[in-house]
Amino acid sequence: MKYVEEYRDTELGRNLIKRIASVSKRPARFMEFCGGHTVSIMKHGIRQLLPSNIEMLSGPGCPVCVTPVGDIDKAVFLAGKPGAIISTFGDMIRVPGSVSTLQKAKGEGADVRIVYSTQDALEIARQNPAKSVIFVGVGFETTAPTVAASVRQAFKEGLTNYYVLSLHKLTPPIIRALLTAQELDLDGIICPGHVSAVTGARPYEFIGNEYNISAVISGFEPLDILLAVEMLIRQVEEGRHMLENAYPRVVRYEGNRQALDIMNEVFEVSPSNWRGIGVVDQSGLRLRDKYGALDAEKAFDIERVDVRENPGCICGEILRGVKSPSDCRLFKNVCNPGNPVGPCMVSAEGSCSAHYLYGGENER
Ligand code: SF4
């Protein structure tokens, strides 16, 4: 498959690893932002292939994982409303809230449906005019435009039974928040690939300009990541701190204008609560007033419950990069993909899931 197989070429991979070993002289610590990067790094054993002076940390780029317990509780509450149909993407329904999950609510009679696109959710609304169809929208700048398109479409059609619970999050502000918190002594960041296809490269320039940290946008195949790591190492060795794009086949400097326009038309930037990090200014998206009638937060009187997190789960610290899954005492023995205690084990992009599936025997 073009743009996939050639980025998995073993010979090219060996050469890249040799190049990395030859240029890497000093210790460096890099964070891969995206859960998709983490999965690829773990799956292809990239950490083990890098020189021992290079440390890789995982970041908060898993949208299901960063959705806090209180927001899961909102979705579970809405599922219990008479006449409600909850539609969302697959991983969301297994994430534990304070007392329940969407999956449990479904088992108890709530109408919870997994959809593969917002168009499916819209169709459910058209076919069930007497019901309230609530799409629970999670994700970064990659998914927000498609949700925005569904809102605009529902508005245009005059659908009065389609709502969005917008839990969307923005990536540049959370990277800024992590760097400002200074919990990690990072030398470089592997910036989001698919998100950057929408945002463009420009929003990540602040990493080098303001924080003196090297940054490279990367794709998700093993050679993409190795190339990004090599570019980061070269920057560190040469004392450069700038944004480079190792994913030019997908990411342009200005991003995808059409996707950005529809996102900006429907959503406005708002504060957002991140699991393990807290409320970060300007890091979320809420519906603009024009579309307020479709905003589930406004349309329903959502009852607040006391937020209860599992005290043994350290997903929050893992998302900040300060701990790794093997630091969690529940990892593997209590928490596993069949019995996930926290979202990092639920999501296919979660660190705990990736370490469980690909970490090998060395991970407890
Ligand atoms: Fe949470 Fe399970 Fe990961 Fe531990 S292993 S941090 S309990 S998701």
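Remember, it's 1-based here, ligands and their atoms both numbered in the order they're listed.
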Minimum heavy-atom distance between Ile114 and Phe89, given as atom pair plus value: CG2-C, 4.4 Å

Whether [Y] and [X] form a salt bridge (side-chain N of Lys/Arg under 4.0 Å from carboxylate O of Asp/Glu) is what I want to check.
X      : Y      : result
Glu297 : Arg286 : no
Glu205 : Arg202 : no
Glu210 : Arg176 : yes

Nearest protein heavy-atom contact for [atom]: which residue, which atom, what distance?
atom                    : result
atom 2 (Fe) of ligand 1 : Cys335 SG, 2.3 Å
atom 1 (Fe) of ligand 1 : Cys313 SG, 2.4 Å
atom 3 (Fe) of ligand 1 : Cys352 SG, 2.3 Å
atom 6 (S) of ligand 1  : Ile314 N, 3.3 Å
atom 4 (Fe) of ligand 1 : Cys328 SG, 2.3 Å

Counting from 1, what ligand 1 atoms have a heavy atom of [X] closer than 4.0 Å?
X      : value
Met345 : 8 (S)
Val341 : 7 (S)
Ile318 : 6 (S)

Arg234/Glu230 under salt bridge (Lys or Arg N to Asp or Glu O under 4.0 Å): CA gap, chis, key distance, verdict: CA-CA 6 Å; Arg234 285 188 188 278; Glu230 186 200 2; 2.8 Å; yes

Close approach of Pro325 to ligand 1, heavy atoms, under 4.0 angstrom: no

Cys344 near atom 2 (Fe) of ligand 1: N/O/S under 2.8 Å: no

Any donor-acceptor N or O pair under 3.5 Å, side chains Gln182, Tyr211: no

Donor + acceptor pair across side chains of Tyr162, Ser150 (<3.5 Å): yes

Side chain, backbone, both or neither: the part of Cys315 lying under 4.0 Å from ligand 1 by heavy atom: both

Verdict with supporting geometry, Ile277 and Val280, side chain to side chain contact (heavy atoms under 4.5 Å, CB included): CA-CA 8 Å; Ile277 298 168; Val280 176; 3.8 Å; yes

